[in-house]
Amino acid sequence: MGNNEQSARIIGHFRGEEMGPLVVAIGGIHGNEPAGVLALERLFELLAEEPLVNPGFNFRGELLALRGNLAALAAGKRYIDTDLNRIWRVRNSDPEQFTTSEDHELHELLAAIETALEESPLSELVLLDLHTTTAGGGIFAVTGDDEPSLSLAAEMSVPVIKGMLSGLQGTTLHYFRGNHFATSLPVRAISFEAGFHEDPASVELALAATVNLLRALGCVKEEDVSTHHDARLREAARGLPRLTELAYVHRIARDGSDQFRMRPGYRNFQPIVKGELLGEDCGGPITAPAAGYLLMPLYQAQGDEGFFIVQDYQLPSAY
Ligand SMILES: [Zn+2]
């Protein structure tokens, strides 16, 4: 058992003694979001220390932690040529056909995951994709709309947003949910937004969310890998809507030609009313087409979406 495999791509590969899920955790799919990488590096330090302070410690399954966009992380940019979280689809695996830096990144990520899947008997494949946002004001998890992923995300004690996959294409979640791996294992996939890019608290929140996921999956026991960050996670989630659904995506031109500018001061989960002035572009003012909560207002140069609007979602009572 232990962290016996490291490289620029692989933060760690922790193999437990008991059979269980393969948890693939990725940080830095966007190169200007190092918090997830730092959180996973810290988690592997904690996992290495745990048997020393806790002789009964046991890990069920495996944790494979990966750095997402290496070239963009080194450059401190969201991406080099194209957004790595919009190109996860069945691909030509011949490197001579690759046209972007991100084609190579995706190829290496998939190779690492496929190798881990082949190596050991596993019960389930679970993705946790760690991100941060350009606006502060709220942490949240995004999942597919399948009940097993939604309930796992809810067990992380963070707000959950459903319906996001219909507003995007080619994300890690789409790929994991799309049965593209040569395995018949059940697959669940969650991405977690840990707060503002530059906020040191985002590292702690990403770490706490990852440990909560490992607990919810039974990889570690409730009392193991204790961090002080769980209380912070609950604190950060307090007052935020527990379950919301995507209502609207404002798309922008990738080349910046529509000159989209978000009005300053918006935060994640800020309530907005229909008709509210949210920004402007070369066509004039941009107003909210619906009431709800604002999500991921864009305050950086690179991005394909200007903002999202989500609305409260009630689960059917039989859920
Ligand atoms: Zn991101």
Side-chain angles (χ1 to χ4, degrees), residues 9 11 24-41 65-89 100-102 105-106 109 127-144 153 156 158-161 163-165 167-177 189-207 209-210 213 236 246 249-252 254 260 262 266-269 294-308 310:
R9 179 71 60 191
I11 296 168
V24 176
I26 309 180
I29 282 273
H30 293 132
N32 61 338
E33 303 176 11
V37 173
L38 296 170
L40 293 171
E41 289 171 352
L66 301 170
R67 294 182 186 87
N69 194 331
L70 292 179
L73 280 164
K77 292 167 63 176
R78 183 173 169 92
Y79 54 78
I80 302 298
D81 298 317
T82 191
D83 190 331
L84 179 55
N85 204 28
R86 300 292 182 272
I87 61 167
W88 286 65
R89 43 181 72 90
T100 66
S101 174
E102 279 71 24
E105 304 279 351
L106 178 58
L109 285 164
L127 169 75
L128 179 64
D129 185 9
L130 297 168
H131 291 258
T132 48
T133 59
T134 59
I139 56 170
F140 57 92
V142 168
T143 74
M156 292 165 67
V158 298
V160 179
I161 299 172
M164 287 293 280
L165 297 199
L168 301 170
Q169 283 191 334
T171 70
T172 51
L173 265 62
H174 285 96
Y175 195 89
F176 273 73
R177 291 293 309 141
I190 295 171
S191 71
F192 178 65
E193 298 280 350
F196 179 50
H197 291 334
E198 314 288 319
D199 187 350
S202 299
V203 178
E204 297 177 7
L205 294 171
L207 173 59
T210 308
L213 179 89
L246 179 67
V249 186
H250 183 77
R251 292 180 203 289
I252 58 176
R254 184 171 296 183
F260 172 80
M262 188 78 204
Y266 280 103
R267 299 164 65 78
N268 285 326
F269 292 111
L294 198 74
L295 209 66
M296 294 190 276
L298 186 72
Y299 293 118
Q300 65 189 10
Q302 290 178 312
D304 291 350
E305 298 87 24
F307 58 86
F308 298 73
V310 298

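Whatever order the structure lists them in is the order used to number ligands and atoms, beginning at 1.
E305 is linked by a side-chain hydrogen bond (donor to acceptor under 3.5 Å, both in side chains) to R86, counting only residues two or more places apart in sequence or in another chain. In this view, S202 satisfies the side-chain hydrogen bond (donor to acceptor under 3.5 Å, both in side chains) rule with no residue, not counting sequence neighbours. Applying the side-chain hydrogen bond (donor to acceptor under 3.5 Å, both in side chains) criterion to T172, with sequence neighbours excluded, gives D129.
Listed by chain and number, H30 ND1, E33 OE1, E33 OE2, H131 ND1 are the protein N/O/S atoms closer than 2.8 Å to the Zn ion (ligand 1), with waters left out.
In this structure, Q300 places its CD atom where more than 12 heavy-atom neighbours from other residues, nucleotides or ligands lie under 6.0 Å away.
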Stepwise side chain to side chain contact (heavy atoms under 4.5 Å, CB included) check, L207 with L205
CA-CA 5 Å; L207 173 59; L205 294 171; over 6 Å; no
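A perpendicular orientation is assigned to the rings of F140 and F269, their planes being inclined by more than 60° (bins at 30° and 60°).
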